[in-house]
Amino acid sequence: MTDSSPVHAAKDLFVETSDGPRLLGSRCDTCKAPYFPSSEACHNPDCDHSDIQPAHFGPHGTLWSVTVQNYPPPPPVVAPEPYSPYAVGLVDLETDGLRVIGRLHVEDPTSVKVGGPVELILAPLGSGQDGHEVISWQFEPR
Amino acid sequence: MGEVAVLGIGMHPWGKFPEKNLNSICRVAVDAALADAGVSWKEVGAVAAASSRFSGGKGWGLNGNDIVEDMGSTGLPVYNLSAGCAAGSNAFNVGHMMVASGAHDVVLVVGGEKMPKGFIQTSGLEDETDPEYLRQRCVGLPGPGFWALLTRQRMEEFGTSHEDLAAVAVKAHKVGTHNENARFRQLFSLEDILNSNMVSDPLRLYEICPVSDGAAAVVLCSEEYARKKASNPVWAASSAVATARFDDGLPRGLGCVPSPWRTHHSEARISVAKALEGAGIGPKDLDLVELQDNTVYYELAFPEEWGMCEPGESESLLHQGETLPNGSMPINPSGGFLCFGEATTAQGLFQICEVAWQLRGEAGERQVPGAKIGMAQSIGLGGNGTATVLKR
């Protein structure tokens, strides 16, 4: 039997909290600039004092744009097997002041409407080359 | 700062040349540029070369050293410049500064590339501190998908249709068919483009540039030197380099701060504004522009972002024929990336060669009538942007 137990797509990028899933990032306490992934220092040239603190982002956002990936990209992309086209969105998390990309968790990828509300979830992207199911953050249209 | 002349230009045609090595491709471009300038190799005072990620350069991006060894090692200084897909025009900027400052009378600028098959692996790193790796591993958004997000947003904002997108590609091939250096010279109908495979919705295969092999070279020289060699040379009115702003709202990794700007590629906007200012002209004074059309989207978005026309106006200008060589706002008379394909680090120099040919009136069937001033523009990984204005 091969081990297909789920793994995270990357370390320290998302977490399941008692309030639901959140993205793990940081925010500069001086200028309030958000960072995802987390940053060790503030990169805002107009900020005169870097004061980075851990921050959670999500779960509510608005879809700024969307594309459907119609062909299988090469690794390290993890895709459904057998391949089926998936949607990727660019999402504005207005409360957090953050724009973030993420795969869209949706039955029909061509049905997604730009400008609509989406919510952060954690879900499998597919299986990686080593057979493990790979979990990442995704957005689900509401 | 002294005036800088574009004394010679040369190109190896774009295509796929598995039987040729990179040195032989570059040598064709360099020999052509030197012959065009009437300059011998021994007169070249310095070389500014684009560093390639994909070929040659001893694995260190030392592509200028490869060229010097091939042409004959005279002991001259070599500068290898890396700026992703903007490397060619970045090298032009350094060559321009070396001549303008008086450091050298004659500088050779060169970029050449042999590309691997298939989609470009942007960084190729497997490292969780690399944003491009994380973007592919955690989301799965290759380059065409990134362009598709921008395209779809434009469709929502301005009502751009699939037919509008396809019409950009039809127009590119209508002019590129006349360019002997272009790789894809066949004509396409709107239906041909619309029937090509959907790659990253809404972008189709024929609306995205593939990868190519190619090389281009430019000989720059001082005003005094130019007066001895040519009666009426092309001049570099300005050469500008910029990097992206923190707040331009373009997620180059996983996330960013949403932008107060309508423009997305701030590195392009800033470099173009600097180049126009340096040339002492406005965006509507350009007789032609060679811009980086990795995909049809950019030919619609960039002229608006730079003030050449109003936001949302590009589609109607396209359909009225205004972006053709004989129109009021000629764009990519070479045929652009859609007809050349992308030999990444050589692209910025093929654009500069085309602008120079246009200003000399040597562009044949794709000639912009009476062109006196034109611009070439590139962007590259890392938020690099360049813009060059040539005049005659």
Side-chain angles (χ1 to χ4, degrees), chain A residues 8-14 23 25 32-37 42-47 57 63-79 85-94 96-103 109-110 113-115 125-126 128 134-138, chain B residues 117-157 197-205 208 243-259 264 297:
Chain A
H8 282 190
K11 281 185 297 185
D12 305 330
L13 286 180
F14 48 87
L23 297 175
K32 309 303 177 195
Y35 293 95
F36 177 69
C42 184
H43 305 315
N44 180 358
D46 296 324
C47 177
F57 301 124
L63 194 63
W64 187 83
S65 190
V66 64
T67 176
V68 179
Q69 193 58 38
N70 248 37
Y71 64 91
V77 175
V78 181
Y86 58 84
V88 172
L90 196 47
V91 171
D92 279 344
L93 302 171
E94 288 91 346
D96 302 310
L98 180 72
R99 178 172 290 169
V100 64
I101 63 167
R103 198 172 293 186
T110 62
K113 293 276 179 285
V114 171
L125 301 169
V134 179
I135 309 283
S136 191
W137 76 92
Q138 302 192 34
Chain B
K117 281 186 181 163
F119 288 95
I120 299 175
Q121 296 277 34
T122 312
S123 76
L125 301 173
E126 291 220 359
D127 175 350
E128 287 199 6
T129 63
D130 179 61
E132 177 63 22
Y133 170 77
L134 288 177
R135 196 168 80 165
Q136 301 313 337
R137 168 77 178 169
C138 301
V139 180
L141 187 75
F146 180 78
W147 302 325
L149 285 172
L150 294 176
T151 308
R152 180 65 189 272
Q153 196 275 334
R154 180 179 180 88
M155 295 172 90
E156 294 293 324
E157 186 170 6
N197 287 338
M198 187 66 85
V199 175
S200 297
D201 194 339
L203 293 175
R204 292 178 161 85
L205 188 63
I208 300 168
T243 48
R245 276 182 63 99
F246 172 74
D247 60 354
D248 76 355
L250 200 62
R252 291 170 169 86
L254 298 178
C256 67
V257 183
S259 171
H264 302 312
Y297 162 81

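Every heavy atom of this structure was used, including side-chain atoms; hydrogens, water molecules and symmetry mates were not. Residue numbers start from 1 in every chain, and the chains themselves are labelled A, B, ... in the order their sequence lines are given, proteins ahead of strands.
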(request) Check step by step if side-chain contact (heavy atoms from CB on, under 4.5 Å) holds for B/Thr151 and A/Thr67. (result) CA-CA 9 Å; B/Thr151 308; A/Thr67 176; over 6 Å; no
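In this structure, no portion of A/Phe14 lies under 4.5 Å from any heavy atom of chain B. With a 4.5 Å cut-off on non-hydrogen atoms, A/Leu90 touches chain B through its backbone and its side chain both. The contact between A/Asn44 and chain B is made by backbone and side chain atoms together, counting heavy-atom distances below 4.5 Å.
Among residues two or more places apart in sequence or in another chain, the side chain to side chain contact (heavy atoms under 4.5 Å, CB included) test is passed with A/Pro34 by A/Arg27, A/Phe57, A/Leu98, B/Val257. Qualifying side chain to side chain contact (heavy atoms under 4.5 Å, CB included) partners for A/Ala10, counting only residues two or more places apart in sequence or in other chains: A/Leu13, B/Glu128, B/Leu134, B/Cys138.
Put simply, of A/Val78, A/Val100, A/Ile101, the one with the most heavy-atom pairs under 4.5 Å next to chain B is A/Ile101. In terms of non-hydrogen atom pairs under 4.5 Å with chain B, the most contact-rich of A/Ala87, A/Gly102, A/Ala9, A/Gly25 is A/Ala9. With respect to chain B, the highest number of heavy-atom pairs below 4.5 Å among A/Val66, A/Leu125, A/Asp96 belongs to A/Val66. Interface summary for chain B: among A/Gln138, A/His8, A/Arg103, the most heavy-atom pairs under 4.5 angstrom belong to A/Arg103. Here B/Cys256 is the residue among B/Cys256, B/Pro202, B/Pro251, B/Gly253 with the most heavy-atom pairs under 4.5 Å with chain A. Taking A/His43, A/Arg99, A/Lys11 one by one and counting their heavy-atom pairs under 4.5 Å with chain B, the maximum is reached by A/Arg99.
In this structure, the side chain of B/Ser200 does not engage the main chain of A/Gln69 through any donor-acceptor pair within 3.5 Å. Between the side chain of A/Tyr71 and the backbone N or O of B/Asn197 there is no donor-acceptor pair closer than 3.5 Å.
Between A/Tyr35 and B/Phe246, the angle of the ring planes lies from 30° to 60°, which puts this pair in the tilted group.
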